[in-house]
Amino acid sequence: MVIYTVTTYTGNRHLAGTNNFIYIKLRGTEDESEEQNLYCMQGFWPGSEQEFKIDCKASLGELITVKLFSKPFMGLCDQWFCDKIRINTPEGDEIFFPCYCWLDWNEKLYLRPAKASLVFQDVKLIAQRQRMRHLVEQQKSFRWRVYAEGTPQVIDHDSATTLPPEVQFSFTKENEFYLTAAQQLVVLKLTGYADCRNSWESIQQLDICENRSKTIEYCREHWDEDEFFGYQFLNGLNPMMIQRCSTLPEKFPVTDDMVKDSLKGSSLEQEMKKGNIFLSDYKILDGLVGNVVSGRQQYLTAPLVLLYCNPHGMMLPIAIQLMQKPSKDNPIFLPTDSKADWTLAKIFVRNAEFGVHEIDFHLLRTHLLAEVFTVATLRNLPSPHPLHKLLFPHIRYTLQINIMARSQLISKDGFFATYTGVGGRSLEELLKRATASLTYRALCLPDNISDRGLKTVPNYYYRDDGRKLWDIINKFVAAFLSHYYEHDAHVKKDTELQCWITEIFTNGFLGSDSSVVRTTPLGIPSSFQTLQELIKFVTMVIFTTSAQHAAVNSGQYDFGGWMPNYPTALREPPPNEKGQTTEKAILETLPDVGTTVNGMAVLTLLSKDAADHYPLGHFPEHLHDEELPSKLIEDFQKDLEELSDSIEHRNKKLELPYTYLNPKNVDNSVAI
Ligand code: FE2
């Protein structure tokens, strides 16, 4: 007889313990153990380590899997959150089997040892079979589904409750989310306003909410100032729209005469040559029809905004045209127009910004892409795969939050359809247009910044912090992957990896025929030929799911909580001549009271950090049990801490600190 010592580690979290009967079966290269009940009188309680002995007739050989399953205790069923299992073998080895997920009473889990391996390194037949069996099961549990033609495919689950346990919310997160959603209006003390269809009587009347951050206060004081309007193109909720302008588009016939005051006597051509002129073009919204909100037609525009970076480094708007086609009815608004005309033009831009930011840069480029990476990872990379281990923290809660977004935010009766101008029919069309225009370079921050001509623009904190984060992630990813892939040939022969990228190419980016096409027309690869290609792509995946999401998500209430700065819907058409706008007309155009407060409630909810969130670089899952990856994680954390310190130091000097890409504030995954 030989004895295997099994130690269970129950997660130290709310409701992680269980009184269920937990069964275990060990499988090795030579034999397998009997199924054994890990019986303990007191049950498994949160944070506990419990030891059990398993008798076997002889050595099982090299341990390949641990099977865990549970049966109800006296008819009571609950879940168990197991962090990991440790096994001490009769040969004197100590082997960890990471788990880090819930085990329901009707579920089975097959755990693999923590040591990572590529498919061609897992040479034992039994290990290969287990690897394949695991993927077959995963591909049954995580299926692709077409959400809408021309947009990335999504997970084939309608309800978050039917998801397998390893991707479900924790109880903490679930309770917080549901409670917050239901009670946000109460927290904001705005319940009494929720059904009011009246216009606001004045901008000052909007000052009803006490729950405000420093940034909301700043928005309230500065929302109609040009400097703050321009600042937001660089460091606001959406730092992705602005680009350097070297030739004025024909559709935007701004003349020197129009901007002579703004340029202090210089000409557009001179300033373009110096690189001081910038453009934000919302052409993606052209022709979209506004939604109907509370029975009333809403209006969308597709503005062009010309900006000037003045000698003090301030980015200032100098001309706005609200529709794409120049005409008499589509005047070019200027800072020298009446304050009401200029303010209303900027309000239409901010409303266009709401649509483009939420649907393209937030929903598509972070949430839906994160879901593509998640589904492809779960379907194609088994748990021993090093890339599975690397990416697992970055896919946490993403499926669940996206399923909830599809049922509560972008559904036919969700928030966008009910309270936003871009909701309804136009939302799907906008999503399609955004998908069709999405390039690989746009997702890779250094390429993106270079293509938009923004390498040298001053005071661009998103770029400065984002670039440093990109480099830190890239350094970590390069060292990690180089440890497992010694050369390009390893990358080419990793069939699991190649299936992973092919599914991302086909199901996420809608590429066709990956057998002959190396990339989509917009550069998304269909396979990896070199380690460098792989490192860049994985850096993009981790950057997108962590930093980029934080940049476009976390400030939603900060910048959107003061409604005129981020109106969700506009009730009057854009002005077609100058000199007609009054303050009353502005109030009649802005969202009504109910739409405003419901928008505020949702934006608060979407900006919240969960109590159990993990900042970038903190991996509670402990999926690694090797010296080098553990060392690389330590180095990664050190680099992130240094960046955090330098950002905090820089921010002390800023009137409005840029905090969204401070690694401490960046979640590992798209989880809200
Ligand atoms: Fe989000």
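Start at 1 and go down the list; that is how both ligands and their atoms are numbered. These values consider heavy atoms only, across backbone and side chains, with no hydrogens, waters or symmetry-generated copies.
- Contacts classified as side-chain hydrogen bond (donor to acceptor under 3.5 Å, both in side chains) and involving residues 229-243 (residues at least two apart or in different chains) are given here: Q232-R350, Q232-N565, N238-E353.
- Rounded to the nearest 0.5 angstrom, D667 CG and R396 CZ are separated by 7.0 Å.
- A side chain to side chain donor-acceptor pair (under 3.5 Å) with Y660 is found for one member of D465, D558, N665 and no other, namely D558.
- Classification of the W102-F81 ring pair by plane angle, with boundaries at 30° and 60°, yields perpendicular.
- Summarising the geometry, atom CG belonging to D471 is positioned 9.0 Å from atom CG belonging to L445; distances are rounded to the nearest 0.5 Å.
- Checking side-chain atoms of T418 against main-chain N and O of G414 turns up a donor-acceptor pair under 3.5 Å.
- The number of protein N, O or S atoms lying under 2.8 Å from the Fe ion (ligand 1) is 5.
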